[in-house]
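See below for the structure under consideration.
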Amino acid sequence: MSVKMEASAGKLSENTLMIYGIVVALVGTYLTYLNVVTGIAVFSFFGGIGAIAALWWGSDTIKHLCSYGLGTGVPSAGMVAFGAGAIAMIAGTKFGLASPIVTLVLAAIIGAVIGYCANNIINMNIPVMIFSLMKLSIVGALTMLGFAAMCTGTFMFNGLVIGGMTLSMEPAEVAAGGAQTFMVTVLPEFASSLIGGAALTVIFFLGAIALQHPFNACLGPNESQDRTLMLAIEVGFLSMFVVAVMSYAFLDITSATVGVVVSLIGWVYSYKQYIALSKRDAYAWLDAKPIMEVGGNE
Amino acid sequence: MEEIVLGIGITALAGAFATVAGAAEDTESDIGSQGDPNSQVQLAPQMGYIHRIFNKAISGEPPAYGAWCAIGAGVAWALMQVNFNPALAIILGSVIAVFVQGVYCTSGYLGRTASLAKFQQPVYIDIIKSLLSVTMAHAFVAIFCTVAMCHLMATALHHPFALPLLGLVWGIALGAAGSATGNPFYGKERQYQNQKFGAGVPISASGNIVRYAEAGQRSSLDNGWFTTKFAGPASGICFGLIVFLELWRTVLFEKMVAGWGAIIVGVILILIFTFIDRWIEVWGRKTYGPYTAAEEASS
Amino acid sequence: MSALGGAAAGGEGINPTGTLVGIVILLVSIAATYALGFSIIPLIGIIIGGAFVGFGVHFVPVGGAPAAMGQAPGIATGVAMLAAGAGLAGLFGGAWAFEATGDFAIAVAGGAVGGGLMMSITCMMVNATYVFAMGIPAASGKVAKDPITGDTFPEYKSQGTEGHGLPFISFFGGVIGGIVTGLGGTLIYLALLGIYETGLPVIMQAEPAAIQPLAISLAGIFAIGFFLVNAVLAAYNITGTIEGPHDPKFKRVPRAIIGCAVASAFCGFISMLIVLNTGM
């Protein structure tokens with residue numbers, strides 16, 4: 001009485017997707033460092049491109065994991081990926097310029113531990129469980145890191161927790177942590193930052209629902225890999241659009257608008273492609289027509 | 001004293017927002033056929049029953065509404081950081097969240113239906129054209145009310161969590177409450193309207209959902225109308241009670257009995273609802289009676 | 001969400017090697033935390049909280065897709081997210097109680113009561129829907145008599161179904177599930193909050209009062225992450241649907257508790273790295 005799911009064999013193999021996904025995600029996140037090098041924040045949107053690559057790869061991994069029959073459905077895989085990925089990502093941003101790579105390693109380790117618990121302690125005995133959960137945790141962590149870099153312009157911890165500076169009249173010894181400038185102390189403000197204002201929650205759940213959507217939405221006997229992957233890209237650009245709107249709180253107007261424009265162009269293109277692919281795959285594309293009975297049923 | 005009066009007023013307003021949000025959420029999820037009942041809509045073509053239902057496959061309601069409310073709250077928070085008026089920020093946040101929700105609706109329908117090509121289920125584009133705006137409108141009401149309620153909690157009631165985090169927490173709770181209360185009504189009463197009333201759907205009837213309505217062919221809009229007759233308001237009451245009582249017991253009783261006042265009241269409330277539930281259960285058994293004669297069974 | 005694909009291939013009973021390796025990972029996490037100079041009490045709190053979350057999820061009666069048609073008892077929502085909804089509502093109450101009173105016991109009890117209240121209202125409305133709107137009395141498919149009230153079920157089950165609605169034992173299970181998951185979630189949140197409130201001012205060199213919003217948000221985001229991981233692990237253990245504490249599947253609880261404890265221990269250790277003074 002359940003939907004029979006077959007993992008379709010697509011043109012792109014799992015390993016190809018993994019290599020492309022990791023490389024583009026890391027490169028995209030590192031390209032946001034150009035913000036620091038050049039002093040302008042226009043390069044933030046590369047983080048979003050990196051996150052989309054991670055989502056693109058992740059949607060295929062979910063497909064392979066869920067075809068084994070977990071009993072709980074597809075969305076849970078997305079939730080666990082981002083739950084583990086969030087922990088890895090925030091811990092990983094503490095390591096300066098090496099943060100993206102450390103995030104990847106931490107996510108892989110956390111994913112392996114959770115996968116081990118699921119497979120060997122909870123006895124699920126699914127061959128690909130540990131490796132799939134490792135990959136999904138990496139996807140979750142890299143997606144969050146990419147979007148966080150796009151939103152704030154940096155992938156390092158201090159940038160994610162300090163939202164702005166306020167001025168205090170107290171001298172530096174009393175106003176702890178401030179830097180004494182002429183007659184006033186500059187204090188960092190935490191409540192208006194990405195993590196301090198909990199805006200990271202939005203990225204967390206945006207990613208979680210975006211990761212599981214492509215496979216969940218294209219579920220069925222006629223699922224085709226190119227359509228699923230195109231939906232992953234479309235959903236990625238849509239998430240990028242939301243993150244770009246949120247970046248108005250952290251970046252200047254020009255950089256944020258660049259992000260909005262890039263994400264909207266990407267979204268429109270991938271959405272049109274997805275509709276075209278759905279039209280190609282559908283049995284019939286009808287407008288205002290009645291039910292076409294298969295014959296002989298009621 | 002004044003603070004408590006203000007707190008009660010805000011609590012009542014939050015409860016009202018929650019009730020509206022719950023009703024709108026359940027109606028939206030039935031117009032778009034989301035969540036567990038949707039598995040029947042998915043199954044029907046495989047058993048040979050072609051239909052014209054809006055098969056919106058976006059995951060269950062709790063994660064979906066968690067995401068939309070988190071997006072709404074997050075964008076509203078970001079806009080408030082650049083000094084937008086809170087009301088305008090919440091409206092704009094809800095608009096963007098609804099835009100995202102609408103796109104997910106269309107991609108869910110197209111994806112699932114295209115993947116059922118083997119069973120000759122066509123994609124009916126007019127379903128999207130006529131129903132998308134309806135489902136987005138209901139979602140807007142639900143999201144706006146939830147985000148406004150969270151904003152009240154954060155600013156007027158001084159909850160320590162930031163707005164986006166509150167949005168996520170209450171979005172997931174909204175989806176869970178609405179889904180639990182409304183799904184059986186839609187799944188059994190409407191999808192299987194042709195089965196006997198007063199009994200569950202037998203396993204042999206799976207997939208044989210109602211496709212021809214009272215007049216013409218069943219459209220998801222009819223399902224939305226049906227939902228508003230009971231399941232929508234019931235979900236609204238459920239979520240409204242949850243939010244109102246959670247806030248009420250804290251605002252009024254937090255400082256009493258050395259801090260344990262709110263907990264004692266909470267336990268009393270749980271016991272009250274347990275009694276009500278037991279009364280409902282016994283009433284059902286006595287009034288409806290058994291389906292068959294009780295067996296002479298040893299315990 | 002429907003149960004997908006082939007039959008879940010999980011075996012029954014506890015896997016001794018897996019459990020042993022898991023306990024080793026747990027002990028290594030505790031040792032590593034101690035070696036880095038942190039207090040291990042918050043980590044113990046996180047481990048217990050994670051175990052509670054995993055334990056509580058098994059109490060919640062979930063019927064899945066069949067419940068939506070009146071074919072199976074339970075609530076017609078997914079296991080992990082329904083438990084998450086209850087636990088997060090509890091976390092909301094617990095965090096607020098801690099902010100208002102600063103008392104650990106009150107906060108944890110507040111979280112538990114918040115989760116239980118949400119589940120009791122939800123379960124009551126589910127029964128109201130079944131009885132008043134659909135005309136279907138509650139009946140369990142797994143036992144013939146309710147362990148608490150003594151109601152008999154076979155004659156109240158409609159033909160061709162496995163039961164429907166929420167019999168009192170399932171309602172009771174739901175409320176207990178809400179209480180335990182709320183308790184676990186709040187425990188995790190308070191443990192993390194303690195770590196960050198003491199550790200962050202040191203490494204960021206800021207006033208504790210100023211750092212508080214950051215500590216609360218960090219602890220909140222992490223608590224949700226921990227919650228989702230533990231709830232999904234427990235959902236994997238249940239493989240989809242469970243009627244409540246009287247369901248035979250409930251006997252699988254021990255391995256879920258161990259699994260969640262191990263996962264929480266390791267993730268807790270990683271979350272401590274944030275207040276590690278790496279000099280960066």
Side-chain angles (χ1 to χ4, degrees), chain A residues 1-4 73-75 78-79 163 191-192 196-199 201-202 204-206 208-209 212-214 216-223 227-228 231 234-235 238 242 245-250 271 274-275 277-279 281-294 296-298, chain B residues 39 42-43 45-52 57-60 63-64 66-67 70-71 73-75 77-79 81-82 96-97 100 103-104 107-126 129 161-165 167-168 171 203 206-208 211-212 217:
Chain A
M1 223 180 33
S2 49
V3 176
K4 176 103 179 38
V74 181
M79 299 297 142
S192 56
T201 320
V202 183
F204 180 164
F205 236 71
L206 253 183
I209 206 163
Q212 57 83 36
H213 186 65
N216 195 29
C218 295
L219 198 58
N222 292 81
E223 187 257 334
R227 183 157 52 94
T228 309
L231 182 55
E234 183 258 321
V235 139
L238 188 62
V242 175
V245 171
M246 286 208 306
S247 70
Y248 277 103
F250 304 106
Y271 192 54
Y274 172 68
I275 295 185
L277 285 174
S278 300
K279 210 166 186 172
D281 282 348
Y283 170 71
W285 194 262
L286 304 176
D287 192 354
K289 293 281 184 297
I291 294 177
M292 284 172 47
E293 289 290 359
V294 175
N297 289 303
E298 202 179 351
Chain B
S39 63
Q42 179 73 5
L43 185 62
Q46 299 185 46
M47 316 280 279
Y49 302 110
I50 308 296
H51 61 76
R52 278 176 49 89
I58 305 183
S59 86
I71 295 175
V75 173
W77 176 88
L79 292 176
Q81 296 298 310
V82 280
I96 296 205
V100 173
V103 172
Y104 270 83
S107 58
Y109 175 70
L110 290 176
R112 281 279 178 116
T113 315
S115 293
L116 284 173
K118 173 169 151 188
F119 299 106
Q120 301 177 26
Q121 167 75 33
V123 167
Y124 290 101
I125 282 298
D126 63 304
K129 285 199 257 186
F161 281 174
L163 184 60
L165 199 52
L168 179 67
I203 297 184
S206 291
N208 189 2
R211 304 163 302 128
Y212 293 97
Q217 300 178 355

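Residue numbering restarts at 1 for every chain, and letters A, B, ... go by the order of the sequence lines.
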Without swapping roles, check the side chain of [X] against the backbone of [Y] for a donor-acceptor pair under 3.5 Å.
X	Y	answer
B/Ser115	A/Cys218	yes
A/Asn222	B/Lys118	yes
A/Gln212	B/Ser59	no
B/Tyr124	A/Pro290	yes
A/Tyr274	B/Leu110	no

| task | Output, in order, the C-alpha distance, side-chain angles, deciding distance and verdict of salt bridge (charged side-chain N to carboxylate O under 4.0 Å, His left out) for B/Asp126 and A/Lys289. | result | CA-CA 8 Å; B/Asp126 63 304; A/Lys289 293 281 184 297; over 6 Å; no
| request: Start with the C-alpha distance between B/Arg211 and A/Glu293, add both sets of side-chain angles, then the distance that settles salt bridge (charged side-chain N to carboxylate O under 4.0 Å, His left out), and finish with yes or no. | output: CA-CA 11 Å; B/Arg211 304 163 302 128; A/Glu293 289 290 359; 2.8 Å; yes
| task | Could I get the full list of side chain to side chain donor-acceptor pair (under 3.5 Å) partners for A/Glu234, not counting sequence neighbours? | result | A/Trp267
| Under 3.5 Å, is there a donor-acceptor pair between the A/His213 and B/Ser107 side chains? | yes
| query | Heavy-atom distance under 4.5 Å to chain B: side chain of A/Phe204, backbone, both or neither? | reply | neither
| Which portion of A/Ala208 sits near chain B, non-hydrogen atoms under 4.5 angstrom | neither
| query | Just how far is it from atom OH of B/Tyr104 to atom CD1 of A/Ile209, taken to the nearest 0.5 Å? | reply | 6.0 Å
